[in-house]
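Okay, structure first, notes after.
Quick note on labels: first sequence line is chain A, next is B, and so on, each numbered from 1.
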Number of protein chains: 2
Amino acid sequence: MASEAPRSALKRERVRDYLMELVESRAPGDPIPSERALCEQLGVSRPTLRSAVDELVTTGVLLREHGRGMFVARAKITQELAQDHDALRLPQASGTWTSRVLEFDTVQAGARVGRKLHLSPAADVVYIARLRLVDGEPMAIEYLHVPAALVPGLSPADMESGDFYDTLRDQHGVRVHEAVQSIEPTVTNEEEAELIGVPVLSPALLFERLTQDDTGRPVEYVHSVYRGDRYRIVSRLTLAHPTSAWRYTGPPG
Amino acid sequence: MASEAPRSALKRERVRDYLMELVESRAPGDPIPSERALCEQLGVSRPTLRSAVDELVTTGVLLREHGRGMFVARAKITQELAQDHDALRLPQASGTWTSRVLEFDTVQAGARVGRKLHLSPAADVVYIARLRLVDGEPMAIEYLHVPAALVPGLSPADMESGDFYDTLRDQHGVRVHEAVQSIEPTVTNEEEAELIGVPVLSPALLFERLTQDDTGRPVEYVHSVYRGDRYRIVSRLTLAHPTSAWRYTGPPG
DNA sequence: CCGAGAAGGTGGCATAGACCACTGGTGGCG
DNA sequence: CGCCACCAGTGGTCTATGCCACCTTCTCGG
C-alpha cells in the first residue's frame, strides 16, 4: 500500500536491454550464452527470457539455431538503420538475380484472380510460384498468374532464365506497357519464412502488381514477398512540377 | 517406437487456425470469447493460447483491449490483402492530412545528420518530431532535420499547417527539387507503437529521405515510420522505354 | 436520483518444470 | 583406420498456476 512504485521496468524489457548490451559487445556471428545460462545470470524464468529473445530475433538482432545456440546477427537491424546508413545493405543494382521455379501449373482462374485479369473464373491461367535469388541468396517469393491463352507453350525453364517481359515480347508478342503496383509492410508466415530463409514473423515487403500490355489487356497478376533484412527500395524523386511520382506516398512535406 | 506420427500439428498452429475460423465467422469489431474460455474450449494452457493470439494480433487479425476483451480487427489483415483487394484501405489521395508537432528544437547536427546534410557536426539544425494524421487518425511519426541557417524564424505552427515545402519556398526562398528516398519494412518499437496507436512489433514502413533544393544543397533529412495496417504505397508504372522508375524495385519480370 | 466504491471479469506478466527435436562431438565397434 | 551409434547440450513447445492492472457493472449510501 505504502508507496506503490511506478514499476516501469518490466522484466522483459530489462532482459532485452541486457541482451542488447551483450550483443553490442560482441562481433556479428559470435555466439551468446545459452538460454538456460542467461536465465540464471539474469534471475528470470525461461519463458520470460525467450520472450525477450523473440523480440530481438524479430527485429533482426539475434539469430537462433536449433540445437546449436544463439548468435549475433550479421546484418544491422532495421530499427537502427538511421544510425549507420551509409554502410547498409546491398545496393539494389548489384548482384545477379536468378530464379527457381517451385510450382508451375495451369489452373482455373477462380473468382479473385479472374476479376483481376478480366477473365471468367473458369478460364485457364498459368500459375507460377518462384523463388528470386540474388547471388544465390533467397530474396523473395513470387506468385504469378498469367492468362494461359496469352502464353501457349510457356515452360518452367522460361521462368528461370532471362527476363519474363522479354519472353512475353519475343515469344508471345505481348508488349508489357503499364502496371499498377502496391507495396505494404507485412511479416512472414511459415511458408514464406521457410522459403526465403528468415524467421517466422520477420519484417517483409508485400508487393502486388497488375500489369497490362499496350492494348490495355491484363497480362499478369503478381503477388510477391520480399525479405526485409536484405531488401529495400531506393528511389530518386524530382519535384518542381508537382508530378505524380513525387506525390505517390502521400504528403511529403 | 512403433509408428512415430509426423506430428506436424503444433498446438499453437491448431489454436491459431481455430481462431482464424472463429474470426471469419464473425463481423469486424465483434468480440470473441475470453482467453480463459478459449483455453477450456480448446484444451490448451493460457500461455499457449496467448502465443497464438499474439501472432494474430501482430498480423492484424485480432485486437486486444486490456480489461475489455478481444475483438475481430476492423481492417483486413495484410496477409490476406490479395483476397480482397478492391475494397482495401483508404486510398492515398482521400482523407485530410494534418500534423501535430511533438518536438521542436534547435540542436547540433552531430556526426550522422551532419554528414547527410553536408554540415559540420557542430552546425545548428532544427529538429522536429511530428505526428502525421489522416482525418484525425495517427498514420505516421516523422523526424525531420533541417539546417537552421536555411529556415530562420521557423516555428512549430509552420509545421502543423500547410505544406512544409510551400513554407520553404514562400518564406525562405528554398525551392525543393529532388530527393533520394529509401523504403523498407520494419516493426514498431515501443515509442512508435505508442504514438501511432498500434501494438508493439506491428508491421510498418520505414522511410528515409534526403531532399535537395535546385542548387543541389541538402534541405532536409527525414526519417519516418508509417503504420502498416492503414497505409500502403500505390504507384502506376510505365514500361516500354526502360525508365528508371520502372526498374526501381529490382527485376520485375 | 446520482455518484462513489466494491466486486468480478478481462487481458498482462511472470514462474517452475517437463518433455520433444535437433546438433555436434565422442567413443566404441567393425 | 573409419564409420556409426550414442549422448550431452541446445533451442522449441507446452502445462499449471499465481498475481497484477484495467475496465465494466452493480450496489449502496448520500
Side-chain angles (χ1 to χ4, degrees), chain A residues 1-19 30-58 61-73 190 193-194 198-202, chain B residues 1-19 22 29-58 61-73 190 193-194 198-202:
Chain A
M1 302 281 183
S3 65
E4 178 122 344
R7 76 170 8 264
S8 63
L10 297 176
K11 283 206 175 182
R12 185 173 170 282
E13 296 183 7
R14 185 171 66 83
V15 171
R16 184 200 53 193
D17 293 344
Y18 177 91
L19 289 170
D30 282 3
I32 66 172
S34 74
E35 295 184 353
R36 289 169 179 83
L38 287 167
C39 288
E40 193 165 359
Q41 288 175 32
L42 287 163
V44 300
S45 69
R46 198 155 155 246
T48 300
L49 182 120
R50 280 183 60 80
S51 164
V53 170
D54 282 344
E55 177 176 340
L56 296 183
V57 169
T58 294
V61 177
L62 290 177
L63 290 176
R64 284 204 264 228
E65 290 188 37
H66 193 171
R68 304 220 320 125
M70 301 190 292
F71 306 86
V72 178
E190 282 86 354
E194 167 79 20
V198 297
V200 174
L201 295 182
S202 297
Chain B
M1 302 284 179
S3 66
E4 176 121 348
R7 81 170 3 265
S8 64
L10 298 176
K11 284 208 174 181
R12 185 173 169 281
E13 295 184 6
R14 185 170 67 84
V15 172
R16 184 200 52 194
D17 293 344
Y18 177 90
L19 289 171
L22 194 147
D30 283 2
I32 66 172
S34 74
E35 294 184 351
R36 292 171 178 82
L38 287 167
C39 288
E40 193 166 357
Q41 288 176 31
L42 287 163
V44 300
S45 69
R46 199 157 154 243
T48 300
L49 182 119
R50 279 183 61 79
S51 164
V53 169
D54 282 344
E55 177 175 340
L56 296 184
V57 169
T58 295
V61 177
L62 289 177
L63 290 177
R64 282 203 264 227
E65 290 188 37
H66 193 169
R68 304 219 321 125
M70 301 189 292
F71 306 85
V72 177
E190 281 86 356
E194 168 78 21
V198 297
V200 174
L201 297 182
S202 297

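Atom CE of B:M70 is separated from atom P of C:dG9 by 17 Å (rounded to the nearest Å). As rounded to whole Å, 12 Å separates atom P of C:dA16 from atom CD of A:E40. Protein atom CG of A:L19 is 15 Å distant from nucleotide atom C1' of D:dG11, rounded to whole Å. Taking atom CZ of residue A:R36 and atom P of nucleotide D:dG12, one finds them 10 Å apart after rounding to whole Å. Atom P of nucleotide D:dG12 and atom CG of A:L201 are separated by 13 Å, given to the nearest angstrom. In this structure, the CG atom of A:L63 is 17 Å from the C1' atom of C:dC22, given to the nearest Å. If you measure from atom CD of B:E35 to atom C1' of C:dG8, you get 17 Å, rounded to the nearest angstrom. The distance between atom CD of B:E65 and atom P of C:dG12, rounded to the nearest whole Å, is 10 Å.
Taking only side-chain nitrogens and oxygens, B:R64 never comes nearer than 4.0 Å to OP1 or OP2 of C:dT10.
Of the charged side-chain nitrogens involved, at least one lies within less than 4.0 Å of a carboxylate oxygen, so that B:E190 and A:R16 count as a salt-bridged pair.
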Pairs under 3.5 Å (N/O, protein and nucleotides 15-17 of chain D):
| unit_1 | atom_1 | unit_2 | atom_2 | d |
| --- | --- | --- | --- | --- |
| D:dT15 | OP1 | B:K11 | NZ | 2.6 |
| D:dT15 | OP2 | B:S45 | N | 2.9 |
| D:dT15 | OP2 | B:S45 | OG | 3.0 |
| D:dT15 | OP2 | B:T48 | OG1 | 2.6 |

Pick out the pairs of N or O atoms, protein on one side and nucleotides 3-9 of chain D on the other, that lie under 3.5 Å.
| unit_1 | atom_1 | unit_2 | atom_2 | d |
| --- | --- | --- | --- | --- |
| D:dG9 | N2 | A:G67 | O | 3.2 |

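Every side chain to side chain donor-acceptor pair (under 3.5 Å) that A:T48 has, sequence neighbours left out, goes to A:S45. Applying the side-chain contact (heavy atoms from CB on, under 4.5 Å) test to A:E65 and every residue at least two apart in sequence or in another chain returns A:R68, A:F71. Residues meeting the salt bridge (charged side-chain N to carboxylate O under 4.0 Å, His left out) test with A:R50, sequence neighbours left out: A:E35. For A:R12, the salt bridge (charged side-chain N to carboxylate O under 4.0 Å, His left out) partners at least two apart in sequence or on another chain are A:E55. When the side chain to side chain donor-acceptor pair (under 3.5 Å) test is applied to B:R36, no partner is found at least two apart in sequence or on another chain. Scored by the side chain to side chain donor-acceptor pair (under 3.5 Å) test, A:E194 finds no partners at all (sequence neighbours excluded). In this view, B:S34 satisfies the side chain to side chain donor-acceptor pair (under 3.5 Å) rule with no residue, not counting sequence neighbours.
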**Pairing annotation in dot-bracket form, given for DNA chain D with Watson-Crick or G-U pairs under 3.5 Å and | for cross-strand partners** = ||||||||||||||||||||||||||||||
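Between the side chain of B:S202 and the backbone N or O of B:V198 there is no donor-acceptor pair closer than 3.5 Å. Checked by atom type and distance alone, the side chain of A:R14 pairs as donor or acceptor with a backbone atom of A:L42 at under 3.5 Å.
Distance check, rounded to the nearest 0.5 Å: CG of A:L19 to CG of A:L38 gives 6.0 Å.
No N or O donor and acceptor, one from the side chain of A:R50 and one from the base of D:dG11, sit under 3.5 Å apart.
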